[in-house]
Amino acid sequence: MKNDRYIAHFDLDSFFVSVERLLDPKLIGQPVIVGGSSDRGVVSACSYETRVFGVRSAMPIATARKLCPQAIFINGHMSEYGKYSRMVTDIIAARAPLFEKASIDEHYVDLTGMDQFFGCLEWAKTTRQIVIKETGLPISFGLSVNKTIAKIATDEAKPNGELFIPAEKVREFLDPLPIEKMPFVGKKLAAQLYILGITTIGKMATCDPRMIKKELGDNGLFILERAKGIDNNPVEPYHERKSISTEHTFEQDISDHTYLKNIVSEMLEGLCFQLRKKNKMTACVTVKIKYPNFEVHSQQRTIQLTSSDHMILPHIHELLDQIHPTAKPIRLIGIRLSHLDYGMEQISLFDKTPEKVKLYQAMDKIKMKFGEAALKKGNTY
């Protein structure tokens with residue numbers, strides 16, 4: 001396999017748990033679960049000591065407690081996670097010509113051409129050691145010909161390791177791996193593939209595209225291409241967006257408070273969908289109103305990091321009540337979500353209602369396939 005590209009994937013190991021251990025060294029070596037102590041919550045992160053019992057991220061806390069009752073349950077410190085994530089991003093930004101922040105604990109770096117100067121592998125090794133030394137956090141990397149193979153290599157290098165897969169070793173590396181090692185292949189899809197006799201990435205790579213298309217549709221063709229080692233997706237340059245916002249100007253001045261709450265609910269639904277599409281969360285909300293005389297009032301509040309509508313909406317309504325307690329008509333209303341940070345797979349890291357997380361995921365899939373207007377939640381006011 002000829003290749004002119006070199007992509008590194010860096011992933012902080014058990015990131016939230018690792019940060020908690022920096023804050024409290026007594027947790028080192030202990031089974032730790034981040035996500036709260038309430039059985040209605042979900043696991044945001046778990047240590048390797050809990051994974052041997054079957055505990056996984058996004059699992060209900062109640063299930064995790066049954067699997068590993070000796071675990072130490074922690075609510076988590078989102079501000080600390082954000083701080084350490086930014087520290088790692090700053091280290092990579094100071095050294096990398098082109099990088100992408102894929103999540104709060106993941107970065108891709110395009111090292112293409114750097115081998116002519118001082119070696120891509122040496123650059124990745126040195127960068128990893130700098131992160132470990134300056135932050136105290138364990139971090140793994142995979143280096144290979146594209147983003148998909150680099151990510152798989154990182155997963156194989158964990159915990160706290162490194163793995164380089166050159167172009168000529170790609171098939172030797174991929175072929176024996178279980179099909180579940182492929183990104184985007186979850187339990188449900190893996191079960192379908194097993195029924196078809198496709199148990200390894202190598203077997204997937206040799207499949208007839210027509211059969212895969214018939215059985216799995218376009219998603220199957222996407223997985224087939226990745227199994228063949230093909231991924232031309234570029235590393236997207238990182239640009240930190242500080243906030244997202246939306247405003248609504250009324251054709252006629254509005255004083256009906258119930259109607260205003262319905263409007264902000266619809267506005268917030270759109271903003272949260274945009275957050276989730278970008279794998280981001282917000283920690284600060286602002287509500288703004290403008291009166292017919294163009295007088296402007298606004299108020300903001302720091303909240304728990306989330307991208308869930310139902311967790312943000314009560315704060316929006318309370319802020320609206322504070323800045324607009326009377327029946328005085330207004331001509332414009334606006335919402336801003338700021339203090340944005342990258343999330344993980346969960347929609348809310350501390351959501352106490354995992355069933356709503358699944359609902360958002362289902363709704364988002366419909367919106368991304370058919371458009372944002374295809375589905376709207378009903379008003380509650």
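Only this structure's heavy atoms are used, side chains among them; waters, hydrogens and symmetry mates stay out.
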Whether Phe184 and Phe222 hold their rings parallel, tilted or perpendicular, with breakpoints at 30° and 60°: perpendicular
Under 3.5 Å donor-acceptor, Lys213 side chain and Gly220 backbone: no
Asn146 and Thr148: CA distance, side-chain angles, deciding distance, side-chain hydrogen bond (donor to acceptor under 3.5 Å, both in side chains) verdict: CA-CA 6 Å; Asn146 58 47; Thr148 294; 4.5 Å; no
Expected output: side-chain Ser44 to main-chain Gly35 donor-acceptor under 3.5 Å: no
Nearest-0.5 Å distance, CD1 of residue Ile244 to CZ of residue Arg336: 11.5 Å
Spacing of CG belonging to Leu305 relative to OG1 belonging to Thr282, to within rounding of 0.5 Å: 7.5 Å
Approximate separation, where rounding is to 0.5 Å, of Lys214 NZ and Asp208 CG: 11.0 Å
Side-chain donor/acceptor of Thr135 to backbone N/O of Val131, under 3.5 Å: yes
Ring centroid separation His257 to His324 under 6.0 Å: yes
Ionic contact status for Lys83 with Glu80, cut-off 4.0 Å: yes
Between CD1 on residue Ile28 and OG on residue Ser18, distance to nearest 0.5 Å: 9.5 Å
Carboxylate-amine/guanidinium contact Lys290 Glu247, below 4.0 Å: no
Separation of Asp11 CG from Lys151 NZ (nearest 0.5 Å): 6.0 Å
Nearest heavy atoms of Pro183 and Ile223, plus distance in Å: O-CD1, 3.9 Å
Ser308 versus Thr306, closest heavy-atom pair with distance: N-OG1, 3.0 Å
N/O donor-acceptor pair under 3.5 Å between Arg65 side chain and Gln70 backbone: no
Any donor-acceptor pair under 3.5 Å from Asn160 side chain to Ile139 backbone: yes
Distance, nearest 0.5 Å, that separates CD1 of Ile303 from NE2 of His315: 5.0 Å
Least distance between heavy atoms, Val32 atom then Thr50 atom: N-CG2, 3.5 Å
Smallest separation among heavy atoms of Cys68 and Phe53, with atom names: SG-CD1, 3.8 Å
Main-chain N/O of His77 paired with Glu20 side-chain donor or acceptor, under 3.5 Å: yes
Within 45° cone and under 6.0 Å: Arg276 NZ/CZ vs Phe273 ring: no
Ser14/Arg21 under side-chain hydrogen bond (donor to acceptor under 3.5 Å, both in side chains): CA gap, chis, key distance, verdict: CA-CA 11 Å; Ser14 301; Arg21 285 172 169 170; over 6 Å; no
Lys261/Asp321 salt bridge by N-O under 4.0 Å criterion: yes
Salt bridge (charged side-chain N to carboxylate O under 4.0 Å, His left out) between Lys125 and Glu122, intermediate numbers included: CA-CA 5 Å; Lys125 285 175 174 284; Glu122 286 307 309; 5.5 Å; no
Considering all heavy atoms, the nearest Leu268-Asp309 contact: CD2-O, 3.7 Å
Derivation and outcome, side-chain hydrogen bond (donor to acceptor under 3.5 Å, both in side chains), residues Glu49 and Ser47: CA-CA 5 Å; Glu49 291 83 0; Ser47 68; 3.0 Å; yes
Considering all heavy atoms, the nearest Ser57-Cys46 contact: N-SG, 4.2 Å
Sidechain-backbone polar pair: Glu100 side chain, Glu236 backbone, donor-acceptor under 3.5 Å: yes
Check: Ala150 main-chain N/O paired with Ser144 side-chain donor or acceptor under 3.5 Å: no
Aromatic plane relationship, His297 with Tyr291 - under 30° parallel, 30 to 60° tilted, over 60° perpendicular: perpendicular
